[in-house]
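Here's the structure, in structure tokens; my notes come after.
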There are 2 protein chains.
Amino acid sequence: MRADAQRNRERIIEVARAIFREQGYDASLDLVAKQAGVGAGTLYRHFPNRESLVDAVMQVWVDRVNDTAGKAMAREGAPRDVLVGWFADYVALISLHKGGPAKLTCAMGDETSPIRTKCQVLSEAMRTVLSDLEDDLVVPVDALQACRLVGGVATVADQADLDAEAVRPMLEVVADGFLARG
Amino acid sequence: MRADAQRNRERIIEVARAIFREQGYDASLDLVAKQAGVGAGTLYRHFPNRESLVDAVMQVWVDRVNDTAGKAMAREGAPRDVLVGWFADYVALISLHKGGPAKLTCAMGDETSPIRTKCQVLSEAMRTVLSDLEDDLVVPVDALQACRLVGGVATVADQADLDAEAVRPMLEVVADGFLARG
DNA sequence: GAACAATACGGAGACTGTCTCCGTTTAGCA
DNA sequence: TGCTAAACGGAGACAGTCTCCGTATTGTTC
């Protein structure tokens, strides 16, 4: 690939990331092209559709997920505190872009979604955290189900513009639900 | 209002209901007008924007909410079963239209939403059901928070096309979270 | 039943966003 | 420096939104 093509591609991703954060994944791609200083044809040659641009934008996010998950697994304390803390990290991770929680949670269970492979780092992280807490969970918890529950909270929070303080009590309910079951 | 205008208005609502159920609230209003057999100008004169049409479509839904809530409050059995049963009813109610869970849950906490007054029948119903279970809840539960938690589950289920069987375990976690807290 | 006025209708058009096509431009190599 | 392949970009076809205004129809009065 030519150097100018590489620059354009990176520029488009950078601008898309900023616009997706503010306006969500439905933001105008013409606008992204314009703010990236390229033609619409250029954007569509690099990214044949919206999903492929979203996927490209997520690469940096994947790295961050792996980092945060690593830290969560190193966390110590009462199982409830560990779980609520991880859930709060999880919500923060998927809420980087407006509409992110809904899209990522949906992609997770969708075999056909182009961003599913990238979302798998999340469900893997959830599975690992839950495995570490296995002794405190009365019944084994399906990671996908946990992702959906916490993802649902994140989705509502995203759409209602709730801050972390407003979200935490709901994460506590979910954590209590997992820990107290039997 | 003239009789022909009344007929057109009712026809638009009826067609909108069917289309919103299948395609969600973002469905083309031009298509709604076309299938209702009226001009776009006619649709926009009756409903100046999408929200006002959605609000009109919801009137029948409001009646159904009141009915279902009445039955839930009459329900007897173990607190867990009552709560899970009501949550399942709640999910079914807000999932009548594609995108309904997200939209209704969001509107509930939004002072400026044109459909908020209609959503209040839901949060009132939630408040009443939770009040009846007060002795079993270790701490009083905010109805809006409960609506958001269950609404989050419904939103994820709606977007992933999950059936009631797949949703129920998640509602049980939420119910357990509320009942076992302390 | 006809006339008339007020109310309602409807679809073309301006506008935005999507996405493709193809003439033009440029990078990079020999 | 010249040439070729790769990349660019924006006009245009298309769909959807929403308004405007000429046309149609309803309903009332005589």
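Sequence lines set the chain letters: A, B, ... in the order given, protein chains first and strands last, and positions in each chain run from 1. Keep in mind it's a predicted model, so treat the numbers as computed, not measured.
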Would you tabulate the nitrogen or oxygen pairs shorter than 3.5 Å linking the protein to nucleotides 10-12 of chain D?
unit_1	atom_1	unit_2	atom_2	d
D:dG10	O6	A:Gly41	N	3.3

side-chain contact (heavy atoms from CB on, under 4.5 Å) partner of B:Tyr90, the single match among B:Leu122, B:Leu171, B:Val153: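 Exactly one pass, corresponding to B:Leu122.
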Touch class at under 4.0 angstrom, heavy-atom based, for A:Asn49 against every strand present: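 No contact.
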Answer whether the closest heavy-atom distance between the side chains of [X] and [Y] falls below 4.5 Å.
X	Y	value
B:Phe20	B:Leu53	yes
B:Phe178	B:Leu149	yes
B:Gln120	B:Arg116	yes

Between [atom2] on [N] and [atom1] on [X], what's the gap in Å once rounded to a whole number?
X	N	atom1	atom2	answer
B:Leu29	D:dA15	CG	C1'	13 Å
A:Asn8	D:dA6	CG	C1'	12 Å
A:His46	D:dA6	NE2	C1'	11 Å
A:Arg9	D:dA7	CZ	P	12 Å
B:Lys34	C:dG10	NZ	C1'	12 Å
A:Ile19	C:dG17	CD1	P	11 Å
A:Gln23	C:dT16	CD	C1'	14 Å
B:Gln6	D:dG27	CD	P	11 Å

Candidate pair B:Arg17 and B:Glu14, rule salt bridge (Lys or Arg N to Asp or Glu O under 4.0 Å), full reasoning: CA-CA 5 Å; B:Arg17 176 174 298 124; B:Glu14 177 191 326; over 6 Å; no
A:Lys103 and A:Glu51 ion-paired at < 4.0 Å: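 Salt bridge between A:Lys103 and A:Glu51, a charged N being under 4.0 Å from a carboxylate O: yes.
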Identified salt bridge (Lys or Arg N to Asp or Glu O under 4.0 Å) partner of A:Asp89 from the options A:Arg75, A:Arg64, A:Arg168, A:Lys71: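 It is A:Arg75; the other options fail the test.
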Residue pair A:Asn49 / A:Ser52, side-chain donor-acceptor N/O under 3.5 Å: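 Yes.
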Contacts of type side chain to side chain donor-acceptor pair (under 3.5 Å), residue B:Glu124, not counting sequence neighbours: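 For B:Glu124, the residues satisfying side chain to side chain donor-acceptor pair (under 3.5 Å) (neighbours in sequence not counted) are B:Arg127.
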B:Tyr44 side chain near D:dT19 phosphate (N/O to OP1/OP2, under 4.0 Å):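 So the side chain of B:Tyr44 is outside the cut-off, no N or O lying under 4.0 Å from OP1 or OP2 of D:dT19.
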Under 4.0 Å protein heavy-atom contacts per nucleotide of nucleotides 24-30 of chain C, with B for base, S for backbone only and - for none: --BSS--
